[in-house]
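Quick note on labels: first sequence line is chain A, next is B, and so on, each numbered from 1.
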Protein chains: 2
Amino acid sequence: MNFQQLRAVREAVRCGYNLTEVAQALHTSQPGISRQIRELEDELGVALFARAGKRLTGLTEPGRELLPVVERMLLDAHNLRRLADDHLHGETGTLSVAATHSQARYALPTAVRDFRATHPQVRLHLHQGSAQQVAQMLLDGSADIGIASRALDEHADLVAMPCYRWTHCVVVPPDHALIDGELTLARLAAYPLVTYDQGFTGRGSIDDAFARAGLAMQIVLSAMDADVIKTYVELGLGVGVVASIAFDEQRDAPLRALDARQLFPINTTLVGMRRGAVLRRYAYRFVETFAPHLTPAIVRPLQMAAGGGAVPAPL
Amino acid sequence: MNFQQLRAVREAVRCGYNLTEVAQALHTSQPGISRQIRELEDELGVALFARAGKRLTGLTEPGRELLPVVERMLLDAHNLRRLADDHLHGETGTLSVAATHSQARYALPTAVRDFRATHPQVRLHLHQGSAQQVAQMLLDGSADIGIASRALDEHADLVAMPCYRWTHCVVVPPDHALIDGELTLARLAAYPLVTYDQGFTGRGSIDDAFARAGLAMQIVLSAMDADVIKTYVELGLGVGVVASIAFDEQRDAPLRALDARQLFPINTTLVGMRRGAVLRRYAYRFVETFAPHLTPAIVRPLQMAAGGGAVPAPL
DNA sequence: TATCCTTACGGAATTCGTAAGCATG
DNA sequence: CATGCTTACGAATTCCGTAAGGATA
C-alpha cells in the first residue's frame, strides 16, 4: 500500500471512473494508474471498483466502505505537510478564501484589510463563486476557508459555523412611492422587482416570504450581484431587493434603502472548512478577524469532531 | 512520504528513540531506519526528533504535534486492511480479547460460549493481564477488545463503555461468626482479611471503603485472583473479600458468601477498544454478546468520535 | 471507429543491506 | 570501549513510461 495507489483511487472516483482522465490529473501515464489501482485491489484482496468489461463503472460495496478511509489518509498526509509548514514558515504562506460575491464584495473587505495589516507575509487568494462552488472548492482542497450563506452546512465533510445574521433591504429611487408609509410585502408585490438570481444571496428567503404570504412577485430582472441590481434600479427598471450590507448611504447616494428586516426571513452567513483538515495557523486568525467569536479554540475542536453519539447506559 | 517512514517514526517513539531497537522491531537494518526518519524530516522540512549529538533523545515540538497524525494514518492503513478482510473472509478470522483474570474467569465464559456457537469460524485469543496491561494491549494493537474494571477510560486513545456493575462479597467458612448478625466494616476489620492484590479487581474500592470509615484493615494475604483467595479462606487463613461474580454456591460449597454490596463502592466493568480502530464485524457482535446494550450501532459512533489529544491545539 | 483499459517490455530511479566511520557516555 | 547513529557503496528491486493489443459503445 502506498500513497500513489490511494491517490489513484481517490482521483478515479473524482474523475467519474475515467482512468485516462485520472492520469492527466495526476500527471502520469494511464497504464500507471491502471496498475496502481489493480495493485491496491490485489493487496487488499477485494475489488474496489465495479467493472463492465474493462471499463470502470463505479464503486463496489467494499469500495464505498473503504473510500472514506482512503480520503482521510490522504487528508492526513496533507495535514502533516501543513503542520510542518507552520513550523517551517511561521506566518508566511498562502491562504485561499472562497466566498460568494456578496460576501467578497461587502462583508470581507474590512476583514481582509485587517488581516493584511497583521499578516503582511500571507498571500491571500480570494475566489468567487456560487455557494455550491464554494462548498466544492473546500471539498477538493482548492480553498481553505469558505464563506457563504448556505450550502456549506449540507455536506458531512464540511464544518459550517455561523458568522453573522443579516436581512434584505429594499432599494428604490429617491422619489419612489414606497418611501412613504409602511413597507409591506403586499405593497412590494405591486412593483416590478429586481433582485438576485435563484440560488444567490438569500434569494430563497425572498421567495419564501412571498410564497408564505400567498403573493406573487413580478421579477423583471435578476442578477448575481447587488451592484448590477442597484444599477438597474437607478435606471428605473423596478424596485430592488438586496442584502442590507450591500447598501451604503454615501456610495449609493442616488438610491434610498428601506428597512425590510420584518418582511424576509433572517439569513445567516456561514464560514466553512473541510472537516478534519488542518489549516495553517494564520487561517484560524483570519476566521477570527472576520468573526471575532470564532476563536481558534472554538473552531478547532468543532472542525475535528466526528459527530458524536449518546453515551450508552449500563444495565 | 511513505508508510515505511511513518512506521519508523511511530516505532522510534515506542522504542524510546533507540533506532537499533526500531530496526529489530520492523525487521530491517538500522541504517535503513535512520534514513527513513531523516528522509521524512527532510521532506517535511522540520526535525521531528530532538538529538543530542547523533543520538535521538525525544521529540521536538513539531514532532509532538505531528505524531498523532502519523499514528492516525498508520491506524487508517490498518483499518483499510481490516475492512477489506471483512469482505474477503466474512465471518472468519481471529479475535483477540484481553481481560483481567476476574473477567476472563467469571464474566466472559458464557459470552465466549455463546459467541463460539454463533461464530464457529472465528478463532478466539483470550489474553490475560492486569488492567494496565489490557489497556496497553489495546494501544499497541495486540488486542481488539479489552475488558477490565478500570484503566480503560484513562487514555485518550481508548474508548471505554460500561458493561455492567458489580460489588464485592465476603466469603467465610460455614461456621464463621460473621454469618450471624449484620455485616459491617467495623466487624470485618476485626478479622484478618484475604483479598486481591493492589490494582486488581476493585481492590481500590475496598481500600477506599475502609479508609473512609476510618478503619484499618489487616490483610493477611493478597492474591491476584479469587480462586486463590477462596482457597486460603477455606484453609482458615482469614475472611475473604472477592467480587460477587467470583462466588458460586455450588462450586464453592465449602464456603458461605455474605452480601456486602452496601459496604463497598459499586464497581463498573468496562469494555474498551482503540479509538478510531475499525474492527472486524464479528468483534462488534462479540461485544454485543457480552453486553447486549452495546450494539454495533451504539459502539461504532462512540468509537469513532474524536477524543482528546488526537489533534494539537493551534497557537 | 474512437474510446478506454490491459499487457508487455526495457530503462531509470529508488530502495536496502553490508561495511566502515565516528561520536558519546 | 561498547553503544548508537551516520556515511558510502553496490546489488537488487521496484517503478514508470512507451508501445502494442483488445474490448466495447
Within the side chain of B/Arg275, is there an N or O that forms a donor-acceptor pair under 3.5 Å with the backbone of B/Ala305?
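Between the backbone of B/Ala305 and the side chain of B/Arg275 there is a qualifying donor-acceptor contact (under 3.5 Å).
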Taking A/Glu41 for the side chain and A/Phe49 for the main chain, is one N or O donor matched with an acceptor at less than 3.5 Å?
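Yes: the side chain of A/Glu41 pairs with the backbone of A/Phe49.
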Start at the 5' end of DNA chain D and walk down; is the nucleotide closest to A/Asn2 or to B/Leu56 reached first?
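Its nearest nucleotide being more 5', the pick is B/Leu56.
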Quick one: [X] [atom1] to [N] [atom2], roughly how many Å, whole number?
X	N	atom1	atom2	answer
B/Leu26	C/dT15	CG	P	16 Å
A/Phe3	C/dT14	CZ	C1'	17 Å
A/Gln5	D/dC15	CD	C1'	11 Å
A/Glu39	D/dC15	CD	C1'	9 Å
B/Gln36	C/dG17	CD	C1'	12 Å
B/Arg7	C/dT15	CZ	P	13 Å
A/Gln4	C/dT14	CD	P	13 Å
B/Ile33	D/dC5	CD1	C1'	13 Å

Salt bridge present between B/Arg81 and B/Asp85 (N-O < 4.0 angstrom):
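A salt bridge is absent here (no side-chain N lies under 4.0 Å from a carboxylate O).
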Residues B/Asp86, B/Arg280: salt bridge by 4.0 Å N-O rule:
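Yes.
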Pairing donors with acceptors under 3.5 angstrom, does anything connect the side chains of B/Gln4 and B/Arg7?
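A donor-acceptor contact under 3.5 Å links the two side chains.
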Is it the case that B/Gln198 and B/Asp207 place a side-chain donor and acceptor less than 3.5 Å from each other?
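Judged by distance alone, the side chains do pair up.
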Need one value for A/Glu21: base, sugar-phosphate or nothing, where a base atom within 4.0 Å counts as base even if backbone is also close, heavy atoms only.
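Nothing, no nucleic acid heavy atom in range.
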Base, sugar-phosphate or nothing for A/Phe49? Non-hydrogen atoms, less than 4.0 Å.
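Nothing, no heavy atom under 4.0 Å.
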Give a yes/no answer on whether the side chain of B/Asn18 brings an N or O atom under 4.0 Å of OP1 or OP2 in D/dG4.
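Yes, within the criterion.
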Phosphate-side-chain proximity, B/Thr20 and D/dC5, N/O vs OP1/OP2 below 4.0 Å:
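B/Thr20 to D/dC5 OP1/OP2: side-chain N or O found under 4.0 Å.
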Using the six-membered ring wherever Trp is involved, compare the ring planes of A/His119 and A/Phe115 and label them parallel, tilted or perpendicular (cut-offs 30° and 60°).
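The arrangement is parallel - the two ring planes meet at less than 30°.
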Can you build the contact string for nucleotides 17-25 of chain D? Use B for base contact, S for sugar-phosphate-only contact, and - for no protein heavy atom under 4.0 Å.
BBB-B-BB-
